[in-house]
Amino acid sequence: MTQTLKPSFRNPRARHDFLGRTCSITGVGSHVPERILTNAELEKMVSTTDEWITSRTGIKERHIAAADEFTSDLGAKAAVKAMKQAGVTPDQIDLIIVATITPDMPFPSTACLVQRKIGAVRAAAFDVEAACSGFIYALEIGQQFIMSRTYDTVLVIGAEKLSSIVDWEDRNTCVLFGDGAGAAILQNRPSSHGLLTVVMGADGSKSDLLFMPGGGSKCPATQQSVASRLHYLRMEGKETFKNAVQAMCTAANEALRRCEIDITRIKCIIPHQANRRIIDAVADRLGATPEQCFVNLESFGNTSAASVAIALDQATTCGRIQRGDLVLLVVFGAGLTWGAAVIEW
Ligand code: UT7
């Protein structure tokens, strides 16, 4: 087991046990839709091959939500599992934060819809939009509320129905994404375990690498906008790839530096599950071994804000993460946005 880090960080930005509070993840859960879409099925939909998708991305299949299954449904189901693991009842939740780029609707927030579905009647609720980095952004926001003593129990969810904004005629993007949700309960636990540091970053000057042109105030829905396929996501794959590797390495190194630990101390790295080649390149540049990285993208594809949340749940459930282990989450997404978090499990 990893040696326990004492709450005596020399670096004040590592806020572990700051002012006698610790922000711990006391429960995690995830949920993906039943329907699985395989690469073989995609071969019949667009001009692609299982060989291309597997060799360029590592993805073999992804889960796709039913027509009557929405982001809030996936999020609520993940939340119920996280609450159960944490031993928390809905009325104990003070705040719900949902990270998503595919809300059920522009407003009200998906967090409010989750609140209704799980019966968390006391909770405040809002959404966070940081694309694939959303779960880490939401973790940091939740942590701030815990550490400031504003709230004791925060439910953080990353949830997406990306199939609703994917252009199923665009082979460049439609093979990459999937639907799903992951959730975590954050609580003050005066122990040595918890979030040690969270790094967040953004570069709006590269917002045109990955975006959805239609549906906002700039381009509301019209017959013309729908006909021009503006309500689907668009991505410059190669440039996004390069920026992802660079930003994830920068974020991870900054998180490790703040905690004054070496990558070898990290038991499990949970990277954003966008592309196997991105994960390998990041691990290589960080000086990590392939065994340190948890990868599940072959079964889920890129689920954006849900990606690391689902992976974290799976890694703990299957025993890859044990109590006391140091875990590194590292993400990248549209915006551009990026982030990293070190957790003592
Ligand atoms: O989660 C948010 C962040 N997102 C990411 O991090 C994704 C980052 N980007 C990537 O993962 C990769 O860039 C992709 C997987 C999207 C593409 O891989 P690539 O090695 O960068 O390929 P490419 O874009 O250079 O495309 C190479 C070729 C092109 O054909 P030509 O122009 O060389 O003739 C594409 O048209 O592959 C073609 N292509 C496909 N062929 C078969 C693109 N998509 C497909 C496809 N099946 N699905």
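Atoms within each ligand, like the ligands themselves, are counted from 1 in listed order.
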**Item:** Sub-4.0 Å protein heavy atom near atom 46 (C) of ligand 1
**Value:** yes
**Those residues that, when tested against Lys77, pass salt bridge (Lys or Arg N to Asp or Glu O under 4.0 Å) (two or more places apart)** = none
**Prompt:** Is the CD atom of Glu69 crowded by more than 12 outside heavy atoms at less than 6.0 Å?
**Reply:** yes
**Item:** Region of Val46 that comes within reach of ligand 1 [heavy atoms, distance under 4.0 Å]
**Value:** neither
**Prompt:** Do Val156 and Val98 have side chains that get closer than 4.5 Å, going by heavy atoms?
**Reply:** no
**Asked** Which atoms of ligand 1 have any heavy atom of Thr57 under 4.0 Å away?
**Response** 15 (C)
**Prompt:** Short list, please: which atoms of ligand 1 are under 4.0 Å from a heavy atom of Thr48?
**Reply:** 42 (C), 46 (C), 47 (N), 48 (N)
**Item:** Contact partition for Trp52 relative to ligand 1, non-hydrogen atoms under 4.0 Å
**Value:** side chain
**Request:** Scan side-chain atoms only and decide if Asn39 and Arg62 contain a donor-acceptor pair under the 3.5 Å cut-off.
**Result:** yes
**Message:** Test your reading of the structure: does Thr49 have an N or O sitting under 3.5 Å from an N or O of ligand 1?
**Reply:** no
**Item:** Charged N-O contact under 4.0 Å between Lys81 and Asp313
**Value:** no
**Asked** Nearest protein heavy atom to atom 37 (O) of ligand 1: under 4.0 Å?
**Response** yes
**Prompt:** Taking C-beta and beyond as the side chain, do Met83 and Thr89 meet within less than 4.5 Å on heavy atoms?
**Reply:** no
**Prompt:** Just which atoms of ligand 1 are under 4.0 Å from any heavy atom in Arg56?
**Reply:** 19 (P), 20 (O), 22 (O), 27 (C)
**Request:** Taking only heavy atoms of Asn302 into account, list the atoms of ligand 1 that are under 4.0 Å away from them.
**Result:** 1 (O), 2 (C)
**Prompt:** Should one rank Asn39, Ile278, Asn172, Ile59 by closest heavy-atom distance to atom 6 (O) of ligand 1, which comes out on top?
**Reply:** Ile278
**Request:** Could you tell me whether Arg257 and Glu254 have a side-chain N and a carboxylate O separated by less than 4.0 Å?
**Result:** yes
**Message:** My understanding is that we take every heavy atom of each candidate and find the minimum distance to atom 24 (O) of ligand 1. Doing that for His272, Arg276, Gln273, Lys238, which one comes out nearest?
**Reply:** Lys238
